[in-house]
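Just so you know, these numbers come straight off a predicted model, no measurement behind them.
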Amino acid sequence: MSVVALTTRPARSGRPDRAVPPRPRTAPTVTITLDLGSGPLTPGLARLAELLDELAASGEAVVGPDEHRAARTVLGLRRPATAPPPAAGGLRILTGTRRVRLGDTEITLTRIEYDLLLFLAERPRRVFTRLQLLANVWGYEHAVARTVDVHVRRLRAKFGPDTPLVTTVYGVGYRLADDAAITVDRDA
């Protein structure tokens with residue numbers, strides 16, 4: 001059984017100079033319980049699960065990371081499209097061992113750098129805001145949004161200027177570079 005709780009984002013104060021923090025509003029919450037062990041899913045229930053997965057991936061909803069992973073595993077939801085296979089010497093993300101190789105060289109990444117790179121590589125050509133990345137990679141939205149900038153800068157520094165990885169979409173956020181030659185290898 002899986003429980004998915006969707007909540008709206010907390011309201012932000014329009015006046016940053018305000019001395020008194022705004023009174024917190026109670027956000028409406030929708031809790032959806034799916035019985036995943038009762039046999040094959042009907043087409044309608046499978047579509048509902050896909051829509052919930054899309055909401056979680058887009059950052060428009062808050063879904064507990066453990067419940068999200070468990071639901072994806074049981075439902076066998078399709079994986080997001082990966083980037084095209086790289087040319088020789090391209091970047092490979094080995095999910096089984098959580099390693100990243102650039103050609104024959106292994107690049108050492110922190111947990112967050114690895115998760116950020118994998119998240120973007122699994123969703124090419126999609127732009128994500130800093131808050132969406134915080135929610136989906138870090139698992140929460142309560143950090144400073146500029147934290148994402150720091151990790152993107154570190155990723156770029158580790159791979160150097162000759163390896164395009166992450167593109168900045170000014171005024172919006174980040175996405176995987178169009179010419180990033182990345183392969184996500186789930187078997188290794």
Side-chain angles (χ1 to χ4, degrees), residues 2-14 16 21-22 24-32 34 47-73 75 77-84 91 93 95 98 100 109-159 163-180 182-184 186:
S2 174
V3 177
V4 179
L6 305 175
T7 60
T8 58
R9 287 196 201 131
R12 304 211 189 281
S13 171
R25 292 189 213 165
T26 56
T29 301
V30 176
T31 303
I32 299 172
L34 300 174
R47 179 67 184 137
L48 174 64
E50 287 180 12
L51 289 172
L52 292 173
D53 186 56
E54 289 174 20
L55 277 173
S58 70
E60 294 180 36
V62 178
V63 179
D66 293 335
E67 291 86 2
H68 187 224
R69 274 189 228 104
R72 286 185 66 92
T73 302
L75 294 172
L77 292 175
R78 66 179 185 276
R79 293 269 180 205
T82 57
L91 185 70
I93 301 174
T95 60
R98 293 185 61 88
V100 176
L109 299 178
T110 65
R111 180 186 63 83
I112 291 294
E113 290 167 348
Y114 174 85
D115 290 343
L116 176 62
L117 181 60
L118 180 62
F119 181 80
L120 292 172
E122 288 179 330
R123 296 155 182 88
R125 295 175 296 282
R126 285 191 56 192
V127 179
F128 296 95
T129 65
R130 290 174 183 88
L131 288 177
Q132 288 174 325
L133 290 171
L134 280 172
N136 288 289
V137 176
W138 278 257
Y140 53 86
E141 293 180 4
H142 305 294
V144 177
R146 296 295 175 178
T147 301
V148 177
D149 298 343
V150 171
H151 289 281
V152 168
R153 186 172 46 244
R154 289 178 184 168
L155 264 178
R156 288 175 175 159
K158 286 185 179 183
F159 288 96
T163 305
L165 267 186
V166 182
T167 299
T168 302
V169 180
Y170 293 98
V172 181
Y174 296 102
R175 67 181 174 86
L176 189 69
D178 287 335
D179 48 350
I182 297 179
T183 301
V184 178
R186 300 204 174 279

Considering only heavy atoms from C-beta outward, does the side chain of D149 approach that of R130 to under 4.5 Å?
yes
Between CH2 of W138 and NE2 of H151, what distance do you get to the nearest 0.5 Å?
5.0 Å
Shortest non-hydrogen separation from V127 to Q132 and the atoms involved:
O-OE1, 3.9 Å
In short, salt bridge (charged side-chain N to carboxylate O under 4.0 Å, His left out) pairs touching residues 167-178 with sequence neighbours left out are R175-D178
One should read off an interatomic distance between D115 CG and T110 OG1, to the nearest 0.5 angstrom, of 8.5 Å
Give, for atom CG of N136 and atom CZ of F119, the distance between the pair rounded to the nearest 0.5 Å.
4.0 Å
pair T167-L176: side-chain heavy atoms closer than 4.5 Å
no
How close do V152 and V166 get, heavy atom to heavy atom, and via which atoms?
CG1-CG1, 4.0 Å
On a heavy-atom basis, the closest approach of I182 and A121 is CG2-CB, 3.9 Å
Return the minimal non-hydrogen interatomic distance between R156 and T168, and the atom names on each side.
NH2-OG1, 2.9 Å
CG on L134 to OG1 on T129, rounded to 0.5 Å:
8.5 Å
pair Y114-T95: side-chain heavy atoms closer than 4.5 Å:
yes
Quick one: CG on L109 to CG on L116, what's the gap to the nearest 0.5 Å?
10.0 Å
L118 CG to I93 CD1 distance, which is reported to the nearest 0.5 Å:
5.5 Å
Please report the shortest heavy-atom distance between A180 and P164, naming the atom on each side.
CB-O, 3.4 Å
Side chain to side chain contact (heavy atoms under 4.5 Å, CB included) evaluation trace for L91 with F159:
CA-CA 10 Å; L91 185 70; F159 288 96; 3.3 Å; yes
